[in-house]
Amino acid sequence: MATIIQRQVGGNLAEIYESIAETLRERAKMGRQIRTLTAEGRLSSVILLILPFAVAAVFTLVNREYLALLWQTVAGWVMMGVAVFLIVVGMLWLRVITRVDA
């Protein structure tokens with residue numbers, strides 16, 4: 001595109017290419033900076049995903065009867081379904097927050 005415009009208008013093609021190269025380098029640099037700045041949010045989202053399952057595993061190891069009602073009653077199954085739904089919604093929300101389209 002720059003070559004076509006340069007042919008029509010005239011000017012220094014080397015300068016145009018250098019300007020385009022500099023713009024692309026700056027854009028790549030900004031993308032790396034954004035990825036670095038959102039790393040904490042991405043790590044937090046992974047921890048928040050793992051945390052409920054880790055707590056359930058610990059409770060199961062410590063006292064199996066404590067979580068038994070979740071598997072044995074209809075209300076427990078409903079609560080588990082709601083919990084899974086909320087975890088999925090939370091993960092999608094955190095993904096939107098931490099993703100930046102540059």
Side-chain angles (χ1 to χ4, degrees):
M1 189 68 126
T3 306
I4 294 170
I5 294 171
Q6 190 272 340
R7 275 190 194 160
Q8 292 173 355
V9 180
N12 189 351
L13 188 59
E15 255 182 47
I16 293 171
Y17 284 157
E18 184 59 37
S19 173
I20 292 171
E22 181 65 28
T23 302
L24 292 175
R25 281 192 291 268
E26 287 297 319
R27 190 169 185 184
K29 181 180 175 183
M30 187 183 326
R32 289 190 302 269
Q33 286 175 343
I34 289 172
R35 184 150 172 86
T36 301
L37 293 172
T38 60
E40 181 182 356
R42 287 183 281 119
L43 179 62
S44 295
S45 65
V46 170
I47 290 171
L48 288 174
L49 174 66
I50 294 171
L51 191 63
F53 301 106
V55 170
V58 169
F59 280 151
T60 301
L61 290 174
V62 172
N63 187 0
R64 215 174 260 282
E65 293 81 31
Y66 189 75
L67 292 180
L69 290 175
L70 288 176
W71 320 125
Q72 297 172 354
T73 63
V74 175
W77 281 102
V78 170
M79 285 191 284
M80 291 295 292
V82 170
V84 168
F85 173 75
L86 290 175
I87 288 172
V88 169
V89 168
M91 289 309 300
L92 292 174
W93 186 19
L94 285 169
R95 184 174 177 204
V96 168
I97 289 171
T98 57
R99 189 175 66 196
V100 177
D101 294 329

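Not measured: the values here are computed from a predicted model.
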Apply side chain to side chain contact (heavy atoms under 4.5 Å, CB included) to residues R27 and M30 and explain how you reach the verdict. CA-CA 5 Å; R27 190 169 185 184; M30 187 183 326; 5.7 Å; no

To the nearest 0.5 Å, what is the distance between [atom1] on [X] and [atom2] on [Y]?
X: L67; Y: Q72; atom1: CG; atom2: CD; result: 10.5 Å
X: T60; Y: Y66; atom1: OG1; atom2: OH; result: 11.5 Å
X: L92; Y: I97; atom1: CG; atom2: CD1; result: 11.0 Å
X: I50; Y: I87; atom1: CD1; atom2: CD1; result: 11.5 Å
X: L48; Y: L43; atom1: CG; atom2: CG; result: 9.5 Å

Has the side chain of T38 got a donor or acceptor atom that lies under 3.5 Å from a matching backbone atom of G41?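 Side chain of T38 to backbone of G41: no pair is present.
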
Is it true that [X] and [Y] fall in one hydrophobic cluster, defined by side-chain heavy atoms closer than 4.5 Å?
X: V88; Y: M80; result: no
X: V89; Y: V82; result: yes
X: L94; Y: V46; result: no
X: V84; Y: M91; result: no
X: V55; Y: W71; result: yes

Restricting to non-hydrogen atoms, name the atom on L49 and the atom on P52 that form the minimum distance, rounded to 0.1 Å.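 Heavy-atom minimum between the residues: O-CD, 3.5 Å.
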
Minimum-distance pair of heavy atoms, taken over all atoms of R35 and R42: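 Closest approach of R35 to R42: O-NH2, 2.7 Å.
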
Using a 6.0 Å cut-off, check whether atom CZ of R25 has over 12 heavy atoms from anything other than its own residue. yes

More than 12 foreign heavy atoms under 6.0 Å from CD of E40: is that the case here?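 It does not: E40 CD has 12 such atoms or fewer within range.
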
